[in-house]
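All residue numbers refer to positions in the sequence shown, counting from 1.
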Amino acid sequence: MDQSEITTRTRSRVGLTDTRVKGLKASGNLYRVWDSHVPGFHVQVTPSGTRAFCVSFQRSSGKKVSATIGTFGAWHVDDARERARELRKLHEQGRDIRAHLKHERTATDMNALIQTWRTDYKPRLKASTQDSYESILKVHIVPALGSRLVRDLAYEDLKALYNRVRQEAPVKANRMLAVLSRLFNIAEREGLRTDGSNPCRKVERTREKPRDVIYSAANLAALESALTALVAQGELEAPIADLIRFIALSGLRRGEATNLTWSDVDLEAKVMTFVNHKTDHDGTKRLPLNTHLAAILQRHSEQKISRYVFPGRLVDGPFNGFGKIWARIRRASGLHGFNPHDLRHTFLTTLVELGHPVALGDTLLGHSLGRIRDTYLNLRPEGSLAVASQETADWIAAAMAGQAPKVGIKAPRHQALPVIPLRIWDSADCMAI
């Protein structure tokens, strides 16, 4: 078919293909080439050479209208033709196609919803939670769903994404689904979806089994031996080895230990204070410094290079690099099934086995005790908390030194508890002190 035939007033119909549309040339006037497969579907060529797919209808009043689907290049012929079929079906159902397309083009996609979350909801979260959300958004949600319309996403879409992530990281898939569920709840609140339409509700999550890994005395001894050897070999910085010891001897969360600043520590009063913590809705936490923790802090206080007790490579920030460091420690110690958080489990288990109430352990570890107990229970760090912390740390320190007493047997309360020294390395000369 030549150009003169295409530009005639008669409606010539051809089977549109990508090759044929690509070959259409601009002329002095706008012209259309009609498809022979779907009534009303055509490509419109402007004098400037722009090719756009359109579909025309005749309303019940007899008035003819045309709606633009999209430009050639952004749309292939087959996709545009299928879209024309969908629009014709809506037209036959009595829908106003122009109004329908306008609504679609102004509808909110997931990227816009995420921006709403960042502006109005993200500031209410703790910094660590914000970082966790942003990581999940960047790695999983935005690449898969960023350009999708919020109102169009259905159970099948979320299930497919969840299953893809679950194949590699089941726990991460659960966290991703929780973030998505939060976003869809916001979408309902903002009027972007109907109430009760959250598609995440029906996705069946993988059941997470709580970890029950506890370091035995032999495991703790292997950990300390690995820390000592790696520092001596120059494969681990002495302050980082002390950071791991600090976690083992305190039961602190990893983030609480790495973010500890000198302003949070009072060596004379033997207290450390946490304003921002996982359960900060319960108020500021004041926890005792047992003698083993105080010894580590005293040594590091002599050479303060940062406001952080355990700074990172950029001294104005906390240490952040546990992944590679812990992989190195695992290889050196043989503790392949263990992670730093298991030290926290071990601290609480040891405390309870030594005969202390679970409530003391919960307080030392910063667990939320419940509204009523938190209201009426305000344990002082110099009282029973200090005793429980000291005796638990004594046992763990002894185990790390290879001298662990039997679990469940502790020194009488009236006796002074000796400090069991660990082999701790000075960062300057790597000599044991």
Checklist outcome for this item: F310 and A257 have their tightest heavy-atom pair at CD1-O, 3.6 Å

Next on the checklist: With a 3.5 Å distance limit and no angle check, can you tell me whether D18 reaches the backbone of V77 through a side-chain donor-acceptor pair?
Outcome noted: yes

Item to check | Check against side-chain hydrogen bond (donor to acceptor under 3.5 Å, both in side chains), T261 and S263 | outcome: CA-CA 5 Å; T261 66; S263 62; 2.9 Å; yes

Checklist entry - What is the ring orientation for H341 with H345, classed by angle as parallel under 30°, tilted 30 to 60°, or perpendicular over 60°? => result perpendicular

Next on the checklist: Could you go through S147 and D109, starting from their C-alpha distance and side-chain angles, then the distance that decides it, and tell me whether this counts as side-chain hydrogen bond (donor to acceptor under 3.5 Å, both in side chains)?
Outcome noted: CA-CA 6 Å; S147 61; D109 61 16; over 6 Å; no

Checklist entry - Relative to each other, are the rings of H91 and F57 parallel, tilted or perpendicular (30° and 60° limits)? => result tilted

Checklist entry - Can you list the steps and then say if T228 with E224 is a side-chain hydrogen bond (donor to acceptor under 3.5 Å, both in side chains)? => result CA-CA 6 Å; T228 302; E224 174 58 29; 3.0 Å; yes

Checklist entry - So which heavy atom on V352 is nearest to which on V358, and how close? => result CG2-CG2, 3.9 Å

Checklist entry - What are the two closest heavy atoms between P288 and L293, and how far apart are they? => result O-CD1, 4.4 Å

Checklist entry - From Q44 CD over to F53 CZ, what is the distance, rounded to the nearest 0.5 angstrom? => result 12.0 Å

Checklist entry - Could D157 and R148 be called an ion pair, given the rule that one side-chain N must be under 4.0 Å from one carboxylate O? => result yes

Item to check | Under-4.0 Å salt bridge between K89 and E92 | outcome: no

Checklist entry - Can you tell me if CG on N320 sees more than 12 non-hydrogen neighbours from other groups inside 6.0 Å? => result no

Next on the checklist: How long is the straight-line distance from CG of L260 back to CZ of F274, given to the nearest 0.5 Å?
Outcome noted: 5.0 Å

Checklist outcome for this item: On a heavy-atom basis, the closest approach of V165 and H140 is CG2-ND1, 3.7 Å

Checklist entry - Shortest non-hydrogen contact from T68 to C54? => result OG1-SG, 3.9 Å

Checklist entry - Do R189 and D195 sit within salt-bridge range, that is, some charged N less than 4.0 Å from a carboxylate O? => result no

Next on the checklist: Show every ring pair (Phe, Tyr, Trp, His ring centres under 6.0 Å) that has at least one partner inside residues 148-186, sequence neighbours left out.
Outcome noted: none

Item to check | Residues R182, N185; criterion side-chain hydrogen bond (donor to acceptor under 3.5 Å, both in side chains); working and verdict | outcome: CA-CA 5 Å; R182 173 62 173 153; N185 286 339; over 6 Å; no

Next on the checklist: Please check: side-chain N/O of T346 versus main-chain N/O of D342, any donor-acceptor pairing under 3.5 Å?
Outcome noted: yes

Item to check | Ring geometry between Y215 and F338 (parallel below 30°, tilted from 30 to 60°, perpendicular above 60°) | outcome: tilted

Next on the checklist: Between T108 (side chain only) and A112 (backbone N and O only), is there a donor and an acceptor less than 3.5 Å apart?
Outcome noted: no

Checklist entry - Is E204 salt-bridged to K159, cutoff N-O under 4.0 Å? => result no

Next on the checklist: Treating R201 as the side-chain partner and G196 as the backbone partner, does any N or O pair qualify as donor plus acceptor under 3.5 Å?
Outcome noted: yes

Checklist entry - If only atom types and distance count, is the side chain of T258 paired as donor or acceptor with the main-chain N or O of R254 below 3.5 Å? => result yes

Checklist entry - Any luck finding a side-chain donor-acceptor pair between Q390 and D394 under 3.5 Å? => result yes

Checklist entry - Do S333 side-chain atoms and I329 backbone N/O form a donor-acceptor pair below 3.5 Å? => result yes

Checklist entry - What is the distance from atom OG1 of T350 to atom CG of L220, rounded to the nearest 0.5 Å? => result 7.5 Å

Item to check | K285/E256 salt bridge by N-O under 4.0 Å criterion | outcome: no

Checklist entry - Do any N or O atoms from the side chain of D79 and from the backbone of W75 form a donor-acceptor pair under 3.5 angstrom? => result no

Item to check | Minimum-distance pair of heavy atoms, taken over all atoms of W262 and Y308 | outcome: NE1-O, 3.6 Å

